[in-house]
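Just so you know, ligand 1 is whichever comes first in the structure, and atom 1 is the first atom listed for that ligand. What's counted below: heavy atoms across the whole structure, side chains too, no hydrogens, waters or symmetry copies.
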Amino acid sequence: MPKAKETVLEIDLKSLEHNYRFLRSKLKAETKFLSVVKAFAYGSDSEIVALKLQELGTDYFAVAYAKEGVTLRKAGITKPILVLHPQAVNFEALIEHCLEPSIYSFGILDQFLATVQEKELDHYPIHIKFNSGLNRLGFGEKDLQKLVSRVQDNKSISVVSVFSHLAATEDKNEEEFTRNQITLFEQLSSVFCASLNIQPIRHILNTSGILNYGDAQYDMVRSGIGLYGYGNDPKIDVQLKPIATLKTIISQLHQIDPSESVGYNRAYFSKTNRTTATLPIGHADGIGRQYGKEKTHVLVKDKLAPIIGNVCMDMIMIDVTDIDCKEGDEVIIFGPQLSAHQVAKTADTISYELITGISQRVKRVYIP
Ligand SMILES: *Cc1c(COP(=O)(O)O)cnc(C)c1O
């Protein structure tokens, strides 16, 4: 890859392929694979990434909102797309683009039924979401009989999957809770399917679920973060490859004398002579203010340099006193060389937040 000449998010499709094959290798041959590509494929690029995953043979896609699914259809995605959190206001677009809603409440069920019936549609594919303890979206045990009766004999819809979402698959201390979630899902989905005499796809595992609770893979798994190269576990992280590298360059170097300050609100004061570098990336690009004030480091010539002072909207300043570098040199914010998980930790957050937060202002470039 040529050296960066501006701030770019480099996306390596070979690493994506590696991660996909790694995750698949943890599954039975017959288990379907749903690729979660919501939020611009976790901050990368949903179209390029989904097209690659479609080519690799993923069985299903999921997005959070209908609009994200429309983007995928326009990019040429023909595989089924589950919309995890549809809103009634987008049902027209959802149906027009053959997107499949997660039905998680009677409210959303009634509104969806009204729409498909008005359009006189037959067997429109839907997914039933059960709440097994995350307490975010989904039907509970108390809803089961009413849900069965609402779905029964209704020809306008067809339940193609039933699923639930686990709250703490990456946390071994929550194994008992997770097992209870899986048991509850087993019960709810079994009663539901038996009552309707249907055999839809069942699925509950996310990435860490695949890695820690493989016996509960059912007919399909849903993976997001693992595809992008993070496994929520150091032992797994070494086997995955981060697909995205956030790179920038040095715009200007400054010599700072003792007692001079750097940046807004004079948040950094030098005690000695320092060399600082100004980089063209800031909180508007997704590097929040919590990464400033020497908490977080970036990589310059394979050496760590702290972000000093306050993160600005369009720039950060770093201390490169001990690094032999010049204007125009490349700087790595995160990537395979400096894990987004590690960087995120310095600001008390998780890789998910850091990578999905890289704004659309940052140019995406691809390694095929
Ligand atoms: C985002 C999401 C996933 C993907 O989880 P990862 O931890 O990124 O693998 C799976 N299922 C649901 C319902 C989600 O919202």
Check this for me - ligand 1, [X], N or O atoms closer than 3.5 angstrom, yes or no?
X: Asn232; value: no
X: Ile225; value: yes
X: Gly224; value: yes
X: Tyr42; value: yes

Using a strict 4.0 Å threshold on nitrogen-to-oxygen distance, state whether [X] and [Y] make a salt bridge.
X: Arg24; Y: Asp59; answer: yes
X: Asp233; Y: Lys172; answer: no
X: Lys301; Y: Asp329; answer: yes
X: Asp257; Y: Arg274; answer: no
X: Asp110; Y: Arg150; answer: yes
X: Lys38; Y: Glu68; answer: no

* Can Arg136 be said to touch ligand 1, with heavy atoms closer than 4.0 Å? -> yes

* Asked: Given Lys38, His203, His165, Arg222, which one has a non-hydrogen atom that is nearest to atom 2 (C) of ligand 1?
  -> Lys38

* Asked: Where is the nearest protein heavy atom to atom 7 (O) of ligand 1: which residue, which atom, and how far?
  -> Tyr352 OH, 2.7 Å

* Distance to 0.1 Å, residue and atom name: give those for the protein heavy atom nearest to atom 9 (O) of ligand 1. => Thr207 OG1, 2.5 Å

* Structure fact -> The atoms of ligand 1 lying under 4.0 Å from a heavy atom of Leu84, numbered in the order shown, are 13 (C), 14 (C), 15 (O)

* When you look at NZ of Lys345, are more than 12 heavy atoms from neighbouring residues, nucleotides or ligands closer to it than 6.0 Å? -> no

